[in-house]
There are 2 protein chains.
Amino acid sequence: MTRKKSAPVLHRDDPDKEPLVGNVKVTRQDWVNVAMDVLISDGVEMVKVLVLADRLGVSRSSFYWYFKSRQDLLDALLENWQKTNTEALVTQAEMPAGTITGAVCNVFRCVMNPALFNNKLDFAVRDWARRSGPVRRVLDQSDARRLSALSGMFERFGYEPLEALTRARILYFMQIGYNDAELHEPMDERLRLLPNYLLGFTGKAPQQDEIDDFIAYVEEISGETNSA
Amino acid sequence: MTRKKSAPVLHRDDPDKEPLVGNVKVTRQDWVNVAMDVLISDGVEMVKVLVLADRLGVSRSSFYWYFKSRQDLLDALLENWQKTNTEALVTQAEMPAGTITGAVCNVFRCVMNPALFNNKLDFAVRDWARRSGPVRRVLDQSDARRLSALSGMFERFGYEPLEALTRARILYFMQIGYNDAELHEPMDERLRLLPNYLLGFTGKAPQQDEIDDFIAYVEEISGETNSA
DNA sequence: TTTTAAATGGACAGTAGTGTCCAGTGATAT
DNA sequence: ATATCACTGGACACTACTGTCCATTTAAAA
């Protein structure tokens, strides 16, 4: 009765001071991180306390010190996703650009860059939403917000509202479908098709320098990924 | 030992002669049908033998007379899907058409018509594939087959192979994304956006009569659905 | 060094699923 | 009418989860 299970006071206030070597100490965030990994690679239904505990090399019951229940953890996961990914995409859609093609490329930059937008996480959540009403509702809100940002982007470049909305939808839902089916496909293929995609999304032929800029960006983030 | 569990001889050879009123008799197909319903509405992980048995008003163990195991049933579901939906889409993509817009409308006709293509089933299987390697492989094959048919469709109307492939992808993956996010949205919205979509997919402005034809078709199939 | 609260792990109870076994039932053929 | 065989349902064994309880350990504070 005297125990307060919520908001544990963690001994390791500064993570840099006492890095997580071996299995010194497990924090709430460690549980969340591992849960995120499992969510992404195996789906929600594999986010089970025993699975997570094993990965952390820790007993199952420890979990209940940090979280009220499994649901408590799932809520934390969802909240985290909602803030990071949606904000990133909206920010990128609102970024200034010289042409509509450049603006679409900005969106691509976001979606392709793991540092800006966790594509796999986004997809895992979409997956999850199919089995859970509450999650579905949160996802629908995020989709509406993202779509509205994309639609606004087209409008800023002179498209009529209806056409802007259509193009936003084609762009956004194409991303979803593409990532669903071809997440593991080589980047080369996507780059090869880039000019055609841009034409399809914008109705305007892209300039060569816009293509070049984008390819340079992709090479840049590929380098970063490898060096990490 | 003498029992042959496979290929049960069903007493009801002609389903019309002895329709399934009440719970006269359960057949293998009844199990498959119910499993299909559950797969579509609740996902694979809810396709449990007890759930199905309850829906059929029958005991759980009866299941094992018709199926070797739960996996046996799942295999049957997948095989059924693969044959119906993929064949339907490919057929529709190969259909003769006067213009590329008309050809794209043919594809739309298929995807929108529950009698030709079970959209929700398609999505349920896609969902399932995310959790199962073997299913993923079957799905990838189907996707490749469908994409190739769509690409060929664009090529028949003079698009270069690379552009044809891009447009096929935009069309196909847009459908996937759209159905994922907006399956429950009103048809009105989709029809309102139709001309813009067609422009985006083909790069050519649609003719008014092509739009009219399509809208007439949609009204026709809506009527059929209601009268059933 | 001792104290103490945070954090842990093992044992347990409860639930939900799969698959097996087998005695029983009822429709059909003889 | 009855014997047979297709078909069913209840009982059981097994496994895998969630969540609770509690005695013990450990690290920080005194």
Side-chain angles (χ1 to χ4, degrees), chain A residues 1-15 17-32 34-35 38-39 42-75 131-132, chain B residues 1-14 17-18 20-32 34-35 38-39 42-75 131-132:
Chain A
M1 277 301 179
T2 51
R3 262 194 189 173
K4 295 188 296 181
K5 284 207 170 181
S6 54
V9 177
L10 301 175
H11 289 192
R12 173 154 47 97
D13 297 352
D14 187 355
K17 235 174 80 180
E18 198 179 340
L20 190 68
V21 286
N23 30 19
V24 180
K25 211 73 183 173
V26 172
T27 67
R28 189 177 212 262
Q29 194 55 46
D30 290 332
W31 285 98
V32 172
V34 171
V38 174
L39 173 67
D42 304 312
V44 227
E45 71 276 12
M46 280 305 288
V47 179
K48 302 167 183 172
V49 272
L50 182 58
V51 170
L52 305 182
D54 279 353
R55 288 214 187 188
L56 285 166
V58 136
S59 122
R60 206 173 52 76
S61 67
S62 323
F63 175 86
Y64 294 94
W65 198 88
Y66 298 101
F67 300 92
K68 199 176 126 288
S69 66
R70 178 174 178 266
Q71 190 55 49
D72 189 17
L73 170 67
L74 296 183
D75 291 346
R131 289 172 182 65
S132 159
Chain B
M1 278 300 179
T2 50
R3 263 193 188 174
K4 296 188 296 180
K5 283 207 171 183
S6 53
V9 177
L10 301 175
H11 289 192
R12 174 155 46 96
D13 296 353
D14 187 353
K17 234 173 83 182
E18 196 180 338
L20 191 66
V21 286
N23 32 17
V24 181
K25 213 71 182 173
V26 172
T27 67
R28 189 178 213 262
Q29 194 55 46
D30 291 331
W31 285 99
V32 172
V34 171
V38 174
L39 174 67
D42 304 312
V44 228
E45 71 276 12
M46 280 305 289
V47 179
K48 301 167 184 173
V49 331
L50 183 58
V51 170
L52 305 182
D54 281 352
R55 288 214 186 188
L56 285 167
V58 135
S59 121
R60 204 173 54 76
S61 68
S62 322
F63 175 86
Y64 294 94
W65 199 88
Y66 299 102
F67 300 91
K68 198 177 126 287
S69 65
R70 178 174 178 266
Q71 191 54 51
D72 189 17
L73 169 67
L74 295 182
D75 291 347
R131 290 172 180 65
S132 159

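The figures that follow rest on heavy atoms only: side chains count, while hydrogens, waters and symmetry mates do not. So you know, we letter chains A, B, ... as the sequences are listed, proteins then strands, and number each from 1.
- Look at B/Y64 and you won't find any side-chain N or O under 4.0 angstrom from OP1 or OP2 of C/dC21.
- In the interface, the side chain of B/S61 is paired with the base of D/dG10 through a donor and an acceptor atom under 3.5 Å apart.
- Put simply, CG on B/L50 is 21 Å from P on D/dC14, counting in whole angstrom units.
- B/D42 places its CG atom 12 Å from the P atom of C/dG17, with the value rounded to the nearest Å.
- Applying the 4.0 Å criterion to OP1 and OP2 of D/dT8, one finds that B/S59 has every side-chain N and O outside that range.
- One interatomic measurement links the two molecules: CH2 of B/W65 to C1' of C/dT18, which rounds to 21 Å at whole-angstrom precision.
- The CG-P distance, from B/L52 to C/dG19, rounds to 12 Å in whole Å.
- Here D/dT18 presents its P atom at 14 Å from CG of A/D72, a figure rounded to the nearest Å.
- Of all heavy-atom pairs spanning A/V38 and A/M46, the tightest one is CG1-O, 3.4 Å.
- Comparing B/R60 and A/S69 by the nucleotide of DNA chain D that holds the closest heavy atom to each, the one mapping nearer the 5' end is B/R60.
- Whole-Å rounding puts the B/D54 CG to C/dT18 P distance at 11 Å.
- A donor atom on one side chain and an acceptor atom on the other are found under 3.5 Å apart for B/T27 and B/D30.
- Protein atom CH2 of A/W31 is 8 Å distant from nucleotide atom P of C/dT8, rounded to whole Å.
- For the pair A/M46 CE and D/dA16 P, the interatomic distance rounds to 12 Å; values are reported in whole Å.
- In this pair, A/W31 and A/Y66 present their aromatic rings tilted. The plane angle is within the 30 to 60° band.
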**Report entry** Worked check of salt bridge (Lys or Arg N to Asp or Glu O under 4.0 Å) between A/K48 and A/D54
**Finding:** CA-CA 10 Å; A/K48 302 167 183 172; A/D54 279 353; over 6 Å; no

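- A sub-4.0 Å separation between OP1 or OP2 of D/dG9 and a side-chain N or O of B/S62 is present.
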